[in-house]
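What follows is one structure encoded as structure tokens, with my remarks underneath.
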Amino acid sequence: MATHQYLGGQPDEALDRVDGRQKVTGAAKYSVDDILPGLTYAVLVESTIAKGHIKKIDTKKAQSAPGVLAIIYHGNAPAIPGYETGGNPAKPPTGGEPFRVFQNTQIYFAGQPIAIVIADTYERAIYAATLVETEYNKDDQRTDIEGNKDKAVVPKGPRYADYIRGEADAYKNSVIKIEAEYIIPVEVHNPMELHATTAFWDGEDKVTVFDKTQGVKSTQRSIMDAFKLKEQNVQVNTDFVGGGFGSGLRTWPHVIAAVLAAKKINKPVKLVLTRPQMFTMVGYRPYSWQKISLGATRDGVLTGLTHEAISETSTYEEFTDRTVDISKVMYACPNVNTRYKIVALDKSTPTWMRGPGEATGAYALECAIDELSYAVNLDPLELRIRNHADVDPVRNLPWSSKYLKECYQKGAEAIGWNKRNPKPNSMQEGEWQLGYGMGAGNFNANRGRATVKATLLADGSLVLQSAVSDSGPGTATTMTSIASNVFGLSPGKITFELGDSSLPPGPTQGGSTTTSTLGSAVHDVCVALQQKMAELVTIQGSLLQGAKPENLHFEKGYITLKTDASKKVAYADVVKQTGSSQLEVTKDSQAGDERNKYSIYSFAVHFVQVQVHRLTGVVRIKKVVTVADAGKIINEKTAASQLMGGVVSGIGMALMEDAVMDHRFGRYVNNNLADYHVPVSADVPDIKALFIDKPDPFINPIGSKGLGEIANVGFAAAVANAVYHATGKRIRTLPITPDKLLR
Amino acid sequence: MINFILNNNEINTDRPAGSLLLDFIRYNQHLMGTKIGCREGDCGACTVLVGDLENGELQYRSFTSCLTPLGNIHGKHVVTVEGINMDDLNPIQQCMADASATQCGFCTPGFVMSLAGFCLSDQDANQQNAVAAIDGNICRCTGYKSIERAAGKITELMQQKGNQEAVEFVTANNILPGYFASIKERLQKLSLALNGELNQPASTAQFAGGGTDLYVQKPEELKEANVRFLYNKDVLKGIRKTGNKCFVGPSATVTDLQGSEVMRQYFPNFNKQVKLISSTPIRNMATIAGNFINASPIGDFTIFFLALNATLVLSDGNKTRELPLHKLYKGYKTLDKRPEEFIEQIWFELPGKNTFFNFEKVSKRTHLDIASVNTAIQLTVVDGTITEAHLSAGGVGPIPKLLEQTSEFLRGRAVTEEVINDAIDIAQSEISPISDARGTSGYKRLLLGQLIKAHFIALFPHLQVKKLLLSHSS
């Protein structure tokens with residue numbers, strides 16, 4: 001369990017991070033940092049082929065290497081009783097059957113774990129793993145979407161059926177037509193922390209797991225399901241999570257492998273993935289081909305929009321995302337249709353990566369909108385305003401709140417949009433061509449279910465607990481802010497505890513929902529605690545007897561009468577009055593029916609200025625302005641950091657990130673941080689992260705929508721559009737590397 | 001036995017000299033603030049500081065501990081994040097916390113150490129240098145801006161330093177713990193106590209320089225191997241000028257070159273060019289000879305020294321021989337060097353007043369990246385005529401290449417657009433790039449052409465280059 005307490009005084013602005021001190025001193029403990037007595041080390045042996053069967057695994061040499069405790073593979077692995085996720089609400093976004101580690105001889109992808117070696121030291125485990133000899137019956141693999149698009153199928157389920165509003169393919173009959181294809185290669189989450197799991201069993205039916213996960217409850221559930229254990233017998237801890245971006249949303253096979261290994265040898269086992277394994281074992285953003293077809297009047301009013309996408313999945317699971325969904329809701333267009341298909345390839349299963357399908361889809365849509373703006377000779381900003389969706393065009397419901405037009409205006413002013421020469425290839429600075437571009441996006445603002453326990457202690461301090469994990473955005477900090485405001489207590493007297501599956505169930509951190517979901521629960525539990533305190537202080541013989549609860553005011557650790565501020569009771573005295581050491585309330589909190597009346601989305605717009613070098617095609621982003629309508633901003637510091645981080649994900653997507661596979665072998669050739677480029681500080685320009693900061697009146701009691709995804713949705717398009725404006729060259733395959741501009 | 005000071009403690013360990021500092025810190029010492037993100041020197045999560053006496057002065061440099069063998073820190077001071085923790089947050093940490101410069105926090109100790117390295121360095125205290133100090137640290141969450149704001153605040157603190165010695169200043173002002181003030185003396189004592197050098201027998205030993213490439217290639221193998229460490233040998237270090245020749249010690253690091261008076265005087269753009277190469281910690285560790293021997297077809301310094309027409313002195317311990325650098329390479333990673341030979345000396349002729357040098361590199365990322373194509377040129381021009389030329393190019397064939405025919409073509413010719421275009425054509429006939437993750441062969445050919453133009457544009461600013469800018473093909 002991680003315990004976070006704000007250590008400063010009452011801040012005059014946004015709260016500093018409650019975990020900042022632990023992080024800057026190196027004291028923050030990540031899942032790989034636990035050292036247990038008798039700890040042993042595990043290393044995975046991976047398949048060197050992408051498809052086929054294991055003919056034979058010979059472990060004799062490895063088994064007799066010094067320090068080896070066990071080698072588990074399909075030939076000797078204990079059966080894992082259950083793999084079905086059943087009614088698990090946190091089950092992965094996939095159909096099909098999860099990969100069953102060490103349960104049979106089938107090879108689905110190169111890099112698949114086929115054995116696990118456990119030894120007394122890490123070095124000995126690595127060495128022994130090199131001695132495991134494997135023979136395969138190899139089949140020919142298919143790993144490239146290109147050339148296999150004809151094998152694409154519509155995923156099962158109504159959500160993925162072709163969508164038609166008005167007339168299908170109406171763009172064909174329009175005066176102005178744009179048809180363009182776009183490609184995004186495989187991107188890999190690559191959080192800085194490697195995925196790691198440490199597991200130990202207490203008897204046959206009780207296990208404790210330290211894991212890198214974005215959801216301690218969902219990992220607990222997966223382990224319960226796999227090993228048929230009771231909830232109270234599976235303990236999952238995640239004190240700090242070193243980034244996730246989606247890679248920690250699932251319980252991956254390596255986690256099950258580590259738990260299995262610990263059971264087999266009945267000792268604590270630690271398994272840490274290597275950086276290359278981070279490319280094949282914890283998901284990735286799937287390669288996507290997209291085609292956008294737009295029809296419009298000469299005035300730039302959309303008359304038809306068709307969005308087609310083909311994406312990839314593994315042969316054993318159906319991964320799907322919302323690539324085409326953004327085209328349904330982003331603009332007011334009477335005729336919209338979408339087609340979404342997936343191809344099963346001999347690769348591991350993809351997973352959600354920041355902004356997931358929406359970011360993929362927005363890249364194509366927002367580039368096409370830009371292309372249309374030149375076709376109708378209209379400012380891309382004006383074109384977007386002209387096609388603004390005043391209501392949700394899919395459900396024909398009002399937005400709960402939408403300040404996208406304000407975002408456009410604020411961003412355009414900050415970047416100096418109107419000062420640019422709108423003509424492509426018209427602006428220069430020495431050897432550099434200069435360009436401006438924009439892209440917009442939205443993301444469904446959800447609210448899930450969470451339970452928070454609040455405990456008021458005899459010293460008047462408050463402890464809040466929920467089984468959530470924080471992969472970086474600053475959950476404990478935000479929750480402390482919310483509790484401080486709602487409960488009326490200085491943040492220094494509030495402690496937030498998380499990262500422990502035995503706490504009241506909290507949400508998985510993903511899909512831009514944590515602040516909305518958990519924040520609402522914190523709000524509700526604080527209100528409930530106030531109600532309990534109000535009852536206690538107003539009953540006969542108590543400190544404010546006779547006062548009506550609605551006349552009480554809670555501030556700075558005191559209950560006062562609204563009518564008479566001199567009558568006040570310290571929170572601590574309310575606890576003392578009960579005669580017990582603390583006052584507890586646990587509250588389960590979830591959305592009501594507001595989603596039936598309103599469409600609830602976050603919105604963002606990104607403006608960028610780029611330079612493109614005339615001789616070498618090098619692209620440098622010089623300036624970024626991102627404006628978000630994410631409802632009420634609880635903490636401007638953590639929110640701005642989250643927005644800037646999303647922008648930098650977008651810079652990577654636009655200019656660098658590309659996991660290159662050698663399809664002859666089905667293996668990645670740049671599976672390290674030297675060759676798979678993520679932006680470094682020198683790649684990142686001045687970023688202005690701006691907020692509308694107006695509460696959404698309907699989503700939840702705190703008025704906050706989501707932020708993590710929209711920070712990235714539409715950003716890559718803004719860069720591509722700016723590159724077009726700078727050079728007159730439309731690059732439709734990401735990343736925009738110099739070679740593509742020199743062609 | 002390896003002896004060094006780790007934070008405030010003397011260490012005396014019998015762990016193998018070839019094993020890694022990172023593993024020693026985490027698994028042996030249980031100092032978990034130093035993080036593992038890649039084990040390849042790419043991410044900076046494992047950054048530590050290494051203090052060493054150079055000419056009697058205590059100097060700290062940032063290292064990625066994942067590529068540092070214990071053998072290379074023998075007799076030195078190693079500082080982890082735990083070693084700069086004070087009762088309260090130190091001002092570096094306070095600036096990071098105040099600027100909200102942490103998100104998931106996993107990269108944070110590495111950034112803190114790089115910034116501590118900036119505070120301990122003798123560089124000017126300005127924002128540019130502070131931000132340059134974190135060029136080897138990757139953060140995937142914050143977007144870097146908050147970290148740069150923290151760097152700005154730290155810079156303000158350091159601007160009070162003036163001419164004071166860095167260690168003296170940071171300890172006197174409670175920026176770093178007081179024990180740093182005693183390290184110089186402790187290292188002096190330690191160096192006297194060290195019983196000669198590490199055991200380095202046998203001609204069969206594997207030579208290791210800075211380790212920045214070797215430990216990416218085969219860390220497991222080296223852990224217990226018989227490694228002969230050249231990095232710490234004072235006789236192999238240093239950069240000096242004798243007559244019109246520059247002698248570079250093979251174990252001189254890139255950072256040593258950057259600090260050298262000779263290089264600064266004769267290559268005024270050197271620091272600007274070096275900024276394109278790798279990152280601060282890697283430049284602190286990587287040796288020039290290591291770059292040569294690694295024989296990467298795209299080694300930045302190999303390309304650099306090929307254009308300088310450098311000569312190597314190879315020694316097997318008894319006999320020495322001279323070899324022009326470009327003759328070292330016989331094929332992909334195949335060298336004209338016997339296993340027992342090591343580079344004892346590197347020398348080149350310093351450019352005269354009519355000699356010009358330029359280096360160009362294109363990579364996808366601004367720092368921490370391997371070039372797609374890199375190239376260097378040295379030209380002597382008398383009265384508008386090229387009298388001597390050396391043009392080198394990397395990433396365009398199996399070996400780092402001196403383009404001998406192109407160089408020969410340029411000799412005796414005037415600097416005109418026609419000559420440059422013709423030279424590019426000849427260069428195309430000398431190269432054989434392959435398509436890989438860094439670009440297609442066609443792109444690399446195109447890029448080399450563009451970079452040759454860039455050489456001339458950079459060296460002859462008054463040259464009319466209209467035609468050069470127009471033509472993309474060669």
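Quick caveat, the model's predicted, so the values are computed rather than measured. What you see below is based on every heavy atom in this structure, not just the backbone, and it leaves out hydrogens, waters and symmetry mates. Throughout, a chain's letter reflects where its sequence line sits, starting with A, and its residues are numbered from 1.
- Contacts between B:Phe111 and chain A at a heavy-atom distance below 4.5 Å are absent for every atom of the residue.
- For A:Ala28, the part lying near chain B is the backbone, with the side chain staying farther off; criterion is any non-hydrogen pair under 4.5 Å.
- Residue A:Val669 touches chain B through its side chain alone, counting heavy-atom pairs closer than 4.5 Å.
- If you measure heavy-atom distances from B:Lys223 to chain A, the contacts under 4.5 Å come from the side chain alone.
- Using a 4.5 Å cut-off between heavy atoms, A:Asn190 contacts chain B through both its backbone and its side chain.
- The candidate from B:Thr142, B:Thr34, B:Val362 with the greatest count of non-hydrogen atom pairs under 4.5 Å with chain A is B:Thr142.
- B:Asn129 places no side-chain N or O within donor-acceptor distance of the main-chain N or O of B:Phe118, the cut-off being under 3.5 Å.
- For B:Leu451, the part lying under 4.5 angstrom from a heavy atom of chain A is the side chain only.
- When B:Ile370, B:Asp369, B:Ile134, B:Leu368 are compared by the number of non-hydrogen pairs under 4.5 Å with chain A, B:Asp369 comes out ahead.
- Interface remark: A:Val618 contributes side-chain atoms only to the contact with chain B (heavy atom separation under 4.5 Å).
- Pairs passing the salt bridge (charged side-chain N to carboxylate O under 4.0 Å, His left out) check and including a residue from residues 129-143 of chain B, sequence neighbours excluded, read A:Glu657-B:Arg140, B:Asp135-B:Arg283.
- Under the 3.5 Å distance criterion, the side-chain polar atoms of A:Asp470 are matched with a main-chain donor or acceptor of A:Thr475.
- Side-chain N or O atoms of B:Asp300 include none that pairs as donor or acceptor with a backbone N or O of B:Ile277 at under 3.5 Å.
- Comparing B:Ile457, B:Val81, B:Ile147, B:Thr102 by heavy-atom pairs within less than 4.5 Å of chain A, the highest count is held by B:Thr102.
- The contact between B:Phe106 and chain A is made by backbone and side chain atoms together, counting heavy-atom distances below 4.5 Å.
- Heavy-atom distances place the side chain of A:Thr737, and not its backbone, under 4.5 Å from chain B.
- The side chain to side chain contact (heavy atoms under 4.5 Å, CB included) with A:Ile687 is formed by just one residue from the set A:Leu643, A:Val648, A:Val608; it is A:Val648.
- With a 4.5 angstrom heavy-atom cutoff, A:Pro679 touches chain B via backbone and side-chain atoms both.
- Aromatic ring pairs are classed by plane angle as parallel below 30°, tilted from 30° to 60° and perpendicular above 60°; the pair A:Phe715 and A:His606 is perpendicular.
- At least one donor-acceptor pair under 3.5 Å links the side chain of A:Ser31 to the backbone N or O of A:Ala196.
- Interface check for chain A: of the options B:Gly33, B:Gly37, B:Pro109, the most heavy-atom pairs under 4.5 Å are formed by B:Gly37.
- Interface remark: B:Gln94 contributes no atoms to any contact with chain A (heavy atom separation under 4.5 Å).
- Neither the backbone nor the side chain of A:Tyr127 comes within less than 4.5 Å of any heavy atom of chain B.
- Across every non-hydrogen atom of A:Leu15 and A:Lys637, the tightest pair is O-CD, 4.1 Å.
- Across B:Val48, B:Thr47, B:Leu22, B:Leu49, a single residue satisfies side chain to side chain contact (heavy atoms under 4.5 Å, CB included) together with B:Thr80, and that is B:Val48.
- A:Val32 touches chain B through backbone and side chain together, each having a heavy atom under 4.5 Å away.
- For a residue to count as touching a neighbouring chain, one of its non-hydrogen atoms must lie under 4.5 Å from one of that chain's; by this rule A:Glu123 touches chain B with the side chain only.
- Here the rule is side chain to side chain contact (heavy atoms under 4.5 Å, CB included) with B:Gln93, and of B:Asp88, B:Val112, B:Leu115, B:Thr108 only B:Val112 fits it.
- Looking at A:Tyr41, the atoms closer than 4.5 Å to chain B (heavy atoms on both sides) all sit in the side chain, from C-beta outward.
- Residue A:His613: no heavy atom, backbone or side chain, is found under 4.5 Å from chain B.
- Only the side chain of A:Glu431 comes within contact range of chain B, with heavy atoms under 4.5 Å apart.
- With a 4.5 angstrom heavy-atom cutoff, B:Leu447 touches chain A only via side-chain atoms.
- In this structure, chain A has no heavy atom under 4.5 Å from any part of B:Asn90.
- Interface remark: A:Leu673 contributes backbone and side-chain atoms alike to the contact with chain B (heavy atom separation under 4.5 Å).
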